[in-house]
Every structure is written in structure tokens, then in C-alpha cells.
Amino acid sequence: MEKEKIVMEEQTCKHTLTSIRDTLDVVGGKWKLILLFVLFDDKKKFNEICRETGISPRILSKELQELEINGLISRRVCDTKPITVEYELTEYSKTLSELITAMCKWGKFHRQKIVSSTTP
């Protein structure tokens with residue numbers, strides 16, 4: 001009985017680690033969650049996102065492409081001269097709202113903790 005419990009715990013742990021790895025593969029890195037947050041309010045053009053985030057155009061293009069491949073944002077080429085491209089969140093990306101909210105709360109808490117521990 002005890003051996004079965006240990007095997008089940010190991011399987012659960014491996015499944016959990018795989019799930020965390022999968023999540024980080026999709027939204028990990030320096031910019032992805034920030035980009036999702038920036039697009040939370042409304043669709044934006046490439047240059048707007050670039051200005052708002054301070055990400056270089058080359059990196060921004062790569063990050064947006066990865067988010068699009070994973071179904072988190074949609075890309076629309078506008079019929080304008082010069083050509084502009086708009087990005088917006090998909091319905092699927094809204095499944096990350098709890099994660100983003102939790103990370104925002106934790107980040108505020110952490111910053112406050114660090115700042116209060118370094119001030120005399």
C-alpha cells in the first residue's frame with residue numbers, strides 16, 4: 001500500500017513539473033506576459049506596442065510570432081499605406097487572466113517586502 005502511494009506521488013509530481021514546464025515554454029521569458037498585459041485593454045498596432053514596452057522591433061516581432069503560434073494573440077494586416085499590423089488577444093489568452101493577476105499581486109508584495117527590508 002505504501003509503495004503504491006509513493007509511485008502515485010512520483011507520477012503526480014512528474015505531471016506537475018511537466019505542466020509547469022509547458023506553461024513556462026509558452027509564457028516564460030522576459031516579454032511574453034508583459035505583451036499579454038499590454039494587449040489586455042484593446043488591440044494595438046506593432047509600433048504602439050514597441051513604444052509602450054520599449055522592446056526592440058526585432059525582439060518584439062519574435063515574441064509576437066511565438067504568442068501567435070501558441071494561439072494567445074491574433075495578427076491582422078491592415079489595408080493601409082504604409083501597411084500596419086494590429087495585434088489583439090484571443091479568447092484562449094483570457095484563460096491566463098488568473099495567472100497574470102496572481103503574478104501582479106505577488107510582484108507588488110515582493111517589491112514592497114524588498115524595499116521595506118532595504119530602507120533603514
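Please read these numbers as outputs of a predicted model, since none were measured by experiment.
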>> Can a donor-acceptor pair be found, under 3.5 Å and without considering hydrogens, that links the side chain of Thr53 to the backbone of Ile49?
In response: yes
> Is there a side chain to side chain contact (heavy atoms under 4.5 Å, CB included) between Thr23 and Ile20 once you walk through the steps?
Replying inline: CA-CA 5 Å; Thr23 303; Ile20 291 170; 5.7 Å; no
>> Measuring from atom CD1 of Ile73 to atom CD of Glu63, what distance do you get when rounded to the nearest 0.5 angstrom?
In response: 10.0 Å
> CG of Leu67 to CG of Leu39: how many Å apart, nearest 0.5 Å?
Replying inline: 8.5 Å
>> With a 4.5 Å cut-off on side-chain heavy atoms, are Leu89 and Phe40 touching?
In response: yes
>> To check you understand the geometry: which heavy-atom pair defines the closest contact between Ser93 and Leu72, and what is its length?
In response: CB-O, 3.0 Å
>> Does atom CD (Gln65) have a neighbourhood of more than 12 heavy atoms from anything else shown, all under 6.0 Å?
In response: no
>> Would you compute the distance between atom NZ of Lys43 and atom SG of Cys78 and round it to the nearest 0.5 angstrom?
In response: 8.0 Å
>> For Phe46, I'd like to know if atom CZ has over 12 heavy atoms of other residues, nucleotides or ligands within 6.0 Å.
In response: yes
> Between Asn70 and Asp25, is a side chain to side chain contact (heavy atoms under 4.5 Å, CB included) present by the stated rule, with each step listed?
Replying inline: CA-CA 10 Å; Asn70 284 294; Asp25 284 346; over 6 Å; no
> Are the side chain of Ser117 and the backbone of Ile114 linked by a donor-acceptor contact shorter than 3.5 Å?
Replying inline: yes
>> Closer than 4.0 angstrom, basic N to acidic O: yes or no for Glu91 and Lys94?
In response: yes
> Are Lys108 and Lys105 close enough, and set up right, to give a side chain to side chain contact (heavy atoms under 4.5 Å, CB included), and what steps lead you there?
Replying inline: CA-CA 5 Å; Lys108 287 177 184 177; Lys105 285 180 184 177; 6.0 Å; no
> Would Glu52 and Lys44 pass as an ion pair if we require N to O under 4.0 Å?
Replying inline: yes
>> Tell me whether the count of non-hydrogen atoms from other residues, nucleotides or ligands lying under 6.0 Å of CD1 in Ile83 goes above 12.
In response: no
> Just wondering, are more than 12 heavy atoms of other shown residues or ligands nearer than 6.0 Å to CG in Asp79?
Replying inline: no
> If you round to the nearest 0.5 Å, how far is OH of Tyr87 from CG of Leu60?
Replying inline: 7.0 Å
>> Please report the interatomic distance CG(Leu64) to CD1(Ile59), rounded to the nearest 0.5 Å.
In response: 11.5 Å
>> Are Leu24 and Met103 linked, directly or through intermediate hydrophobic residues, by side-chain heavy-atom contacts shorter than 4.5 Å (ILVMFWY only)?
In response: no
>> Nearest 0.5 angstrom please: Glu88 CD to Glu86 CD, how far?
In response: 7.5 Å
